[in-house]
Amino acid sequence: MAPLAAVLVATGVPASAAPAIGMAPPSGATEDVEPARLPSAAATPAQVEDERLTTPSPSPDSGGARQATSPDPLKLVAVTWTGATPQVIELRSRLATGLFGPWTRVDPVDTERDGRRAASSGTEPIWVADSKEVQVRASTDGQPVTQRVALTSIDPGTGSNDSRIAAAAVTPGGATGSPSSPAVVTRAQWGADERLMTWTPEYTPTVRAVTIHHTAGTNAYSAAESAAIVRGIYTYHARTQGWGDIGYNVLVDRYGTVFEGRAGGLARSVIAAHAGGFNRETFGIGMMGDFTSVAPPAATIEATAQLAAYKLGGLYRDPNAAVTLTSAGGGTSRYPAGRAVTLPTVFAHRDVGATECPGNTGIRSMPAIRSRTAALVGNLATYPIRQKWLAQRSVLAEPSVVESPTSKSARVTRFSGSNGAVYWSSATGAWSVQGVINSRYDALGAAGSVLGLPRTDEKATPDGRGRYNQFQSGVVYWTSATGAWPVRGPILTRWGQLGYERSSLGYPKGDQFAVTGGVRQNFERGYLRLNTSSGAVTTNA
């Protein structure tokens, strides 16, 4: 708690800050998305190989292609190269019919980590299922450059949940109107190999917009293959691209199943690697499939809208509004570093990157995604926590953790300033808890603690020395000399009779603790002792 105390101003409220961002939720809290009803998965490790490319048998449409042939299924593949990025890169695989499928243009990977300014050297990974033959070709200015490309294959292994994963049920909306996320297949459930995780989660003060992507590749995968595709993309991003984690915050398959992507908590404002230059303050949703000429399935659009509504509604952002973001530049960003860009709050990857993502039919689906998101969010003016936030925005700053259910049938939103949080229930209303008082409240168990929910905002004490919050079953008082401590029960009643902090005892210096025959609490100039047999409280000043 010391770092928080160090930033207190004279009133006792931290001047600013981010200690709350990325902090683990208090004990007993449920401040994250609903997990799917699946056990943790056991998964075999992914295998990455560079495939040998040879000249294939001549065919009328080979166009200078080179071919990889493997005795084992190639599963997920990506084209890599040396030197300048080819202007056109295409790939096709042999189908179960024995014929090669159509040539598919693949984009250079643009799900990139900010701060890495190296040019792309690989395409988005493409799922080719169980094909054992893949052809690639590349050209620049109409001239073949296929001799400069290579093919990387990723076998994502098998997971114990693969055959059991299906579209997850939608959890009911929040009591305040803030929409809940659909149930999510967690990293543990889809079998993430956390040994590949070398990128410690990083957080941004808030999320202002949602970015829509497609992952490219086949649209003809089965529900049992979805988790394998996610594991393959994770391995490619974390290991082959060297990012240390998957680029997307979350992925949605064609059945509407939602997969947790980037580590760090979907309720929190995690920085991912999904749109170079615009990874901060955005939430990246990857629709699994190629939506260049085939429309995203209805189940995909619905789950995508539910996720966007969960994130935007829970952070009080209007899905129909515009937002101004500042580019970090680099990679294939369309905008140089420092350029302020005005975008829809729900925007497509190609709006900020030199990419076709999320495909032409994906682009045509954006109005439907945006409209459905707005319908799910509803009227933001009716959100009680949002009203409290707007009244105290100068202190609380921006919402950093999505409005979430917590104990006592309540809701909570955490903010990037003042180590602040706002709790709401129909019984108590909406009240903020901030600074070191909030740290103490969290340490006690927050809404699940013996104190219950807040009943007031933080207030100054009449003597000007301290700050306090009232809760359903007690109070927490703070001064710079004594710290923040709860007072409750008969000891609180007696302290109040004596005059609270204006009494001869002064402010509390610690929590209550057991002594022989009762409970004691120390104050600046004495202590109160509760006899648990008689209920009497004696004063020792």
Does the pair Glu260/Arg187 count as a salt bridge with the N-to-O cut at 4.0 Å?
-> no

Taking the side chain as every heavy atom from C-beta outward, state whether Glu524 and Thr482 have any pair of such atoms under 4.5 Å apart.
-> yes

Any side-chain heavy-atom pair from Leu444 and Asp511 closer than 4.5 angstrom?
-> yes

Below 3.5 Å, can you tabulate the donor-acceptor pairs from side chains in residues 496-506 to any protein atom, sequence neighbours excluded?
{"residue": "Gln497", "atom": "OE1", "partner": "Arg494", "partner atom": "NH1", "Å": "3.2"}
{"residue": "Ser503", "atom": "OG", "partner": "Tyr500", "partner atom": "O", "Å": "2.7"}
{"residue": "Ser503", "atom": "OG", "partner": "Leu505", "partner atom": "N", "Å": "3.3"}

Lys408, NZ atom: more than 12 neighbouring heavy atoms under 6.0 Å | yes

Residues in side-chain hydrogen bond (donor to acceptor under 3.5 Å, both in side chains) contact with Arg37, at least two apart in sequence or another chain | none

Output yes when a side-chain donor or acceptor of Gln387 lies under 3.5 Å from a complementary backbone atom of Ala381, and no otherwise.
-> yes

Heavy-atom pair with the smallest gap, counting every atom of Tyr335 and Ser327 | O-OG, 2.9 Å

For Gln521 and Pro508, indicate whether the former's side chain and the latter's backbone hold a donor-acceptor pair under 3.5 Å.
-> no

Can I get a per-line list of side-chain donor-acceptor pairs under 3.5 Å for residues 226-233, giving both atom names and the distance, sequence neighbours left out?
{"residue": "Ser226", "atom": "OG", "partner": "Asp253", "partner atom": "OD2", "Å": "2.8"}
{"residue": "Arg231", "atom": "NE", "partner": "Pro156", "partner atom": "O", "Å": "3.1"}
{"residue": "Arg231", "atom": "NH1", "partner": "Asp162", "partner atom": "OD1", "Å": "3.0"}
{"residue": "Arg231", "atom": "NH1", "partner": "Trp190", "partner atom": "O", "Å": "3.0"}
{"residue": "Arg231", "atom": "NH2", "partner": "Gly157", "partner atom": "O", "Å": "2.9"}
{"residue": "Arg231", "atom": "NH2", "partner": "Asp162", "partner atom": "OD2", "Å": "2.8"}

Is it true that the NZ or CZ of Arg386 lies under 6.0 Å from the centre of Trp424's six-membered ring and within 45 degrees of the ring axis?
-> no

Side-chain donor-acceptor pair under 3.5 Å between Gln392 and Ser432, yes or no?
-> yes

Any side-chain heavy-atom pair of Ile212 and Thr304 under 4.5 Å = yes

Answer whether the closest heavy-atom distance between the side chains of Ser269 and Glu202 falls below 4.5 Å.
-> no

Where the side chain of Ser418 meets the backbone of Val395, is there a donor-acceptor pair that is under 3.5 Å apart?
-> yes

Any donor-acceptor N or O pair under 3.5 Å, side chains Asn522, Arg520 | yes

Can Arg393 and Glu398 be counted as an ion pair, charged N to O under 4.0 angstrom?
-> yes

Nearest heavy-atom contact between Ala41 and Asn161 is CB-ND2, 3.5 Å

Chi angles and distances behind the side chain to side chain contact (heavy atoms under 4.5 Å, CB included) call for Arg440, Trp485 = CA-CA 7 Å; Arg440 177 62 59 191; Trp485 298 104; 3.4 Å; yes

Gln189 to Ala36 - nearest heavy-atom pair and separation | NE2-O, 2.8 Å

Polar side chain donor-acceptor pair, His349 to His274, under 3.5 angstrom = no

Note, Tyr234 side chain near Met197 side chain (heavy atom, < 4.5 Å) = yes

Minimum heavy-atom distance between Arg239 and Ala46, given as atom pair plus value | NH1-O, 4.3 Å

Taking atom types as modelled and ignoring hydrogens, do the side chains of Thr324 and Thr342 form a donor-acceptor contact shorter than 3.5 angstrom?
-> yes

Return all side-chain donor-acceptor pairs below 3.5 angstrom for residues 448-456, not counting sequence neighbours, or 'none' if the list is empty.
{"residue": "Ser449", "atom": "OG", "partner": "Ala446", "partner atom": "O", "Å": "2.8"}
{"residue": "Ser449", "atom": "OG", "partner": "Leu451", "partner atom": "N", "Å": "3.2"}
{"residue": "Thr456", "atom": "OG1", "partner": "Gln470", "partner atom": "N", "Å": "3.1"}

Residues Thr211, Phe347; criterion side chain to side chain contact (heavy atoms under 4.5 Å, CB included); working and verdict = CA-CA 5 Å; Thr211 313; Phe347 68 89; 3.1 Å; yes

Side chains of Tyr507 and Thr461, donor plus acceptor under 3.5 Å = yes

Residues two or more places apart in sequence or in another chain: which of them pass ring pair (Phe, Tyr, Trp, His ring centres under 6.0 Å) with Tyr527?
-> none

Going by heavy atoms in the side chains, are Thr345 and Pro319 under 4.5 Å from each other?
-> no

Would you say the side-chain atoms of Arg317 and Thr206 include a donor-acceptor pair closer than 3.5 Å?
-> yes

Keeping the roles fixed (side chain from Asp351, backbone from Ala348), state whether a donor-acceptor pair exists under 3.5 Å.
-> yes

Would you say the side-chain atoms of Asn469 and Gln434 include a donor-acceptor pair closer than 3.5 Å?
-> no

Could you tell me the separation between the CH2 atom of Trp389 and the CG atom of Leu315, rounded to the nearest 0.5 Å?
-> 8.5 Å

Starting from the C-alpha separation in whole Å, work towards a yes-or-no answer on side chain to side chain contact (heavy atoms under 4.5 Å, CB included) for Val537 and Arg529.
-> CA-CA 5 Å; Val537 179; Arg529 186 182 185 280; over 6 Å; no

Please answer whether the main-chain N or O of Leu266 pairs with a side-chain N or O of Lys311 as donor and acceptor at a distance below 3.5 Å.
-> yes

Who are the ring pair (Phe, Tyr, Trp, His ring centres under 6.0 Å) partners of Tyr468, not counting sequence neighbours?
-> Tyr477

If you measure only the distance, is there a donor-acceptor pair under 3.5 Å linking the side chains of Ser439 and Asn419?
-> yes

Apply side chain to side chain contact (heavy atoms under 4.5 Å, CB included) to the pair Phe259 and Val252, showing each step before the final yes or no.
-> CA-CA 6 Å; Phe259 295 85; Val252 181; over 6 Å; no

Counting only N and O atoms by type, is there a donor-acceptor contact under 3.5 Å from the side chain of Asn540 to the main-chain atoms of Gly526?
-> no

Do Leu325 and Val341 come close enough that some side-chain heavy atom pair is under 4.5 Å?
-> no

Write down the atom of Thr373, the atom of Ile369, and the distance for their closest heavy-atom approach.
-> OG1-O, 2.7 Å

Sole residue of Tyr441, Phe415, Trp431 in ring pair (Phe, Tyr, Trp, His ring centres under 6.0 Å) with Tyr423 | Tyr441

State, to 0.1 Å, how close Val401 and Thr413 come at their nearest heavy-atom pair, and which atoms those are.
-> O-CG2, 3.4 Å

Where the side chain of Asn279 meets the backbone of Ala275, is there a donor-acceptor pair that is under 3.5 Å apart?
-> yes

Is Thr257 close to Val185 at the side-chain level, that is, under 4.5 Å between some pair of heavy atoms?
-> yes

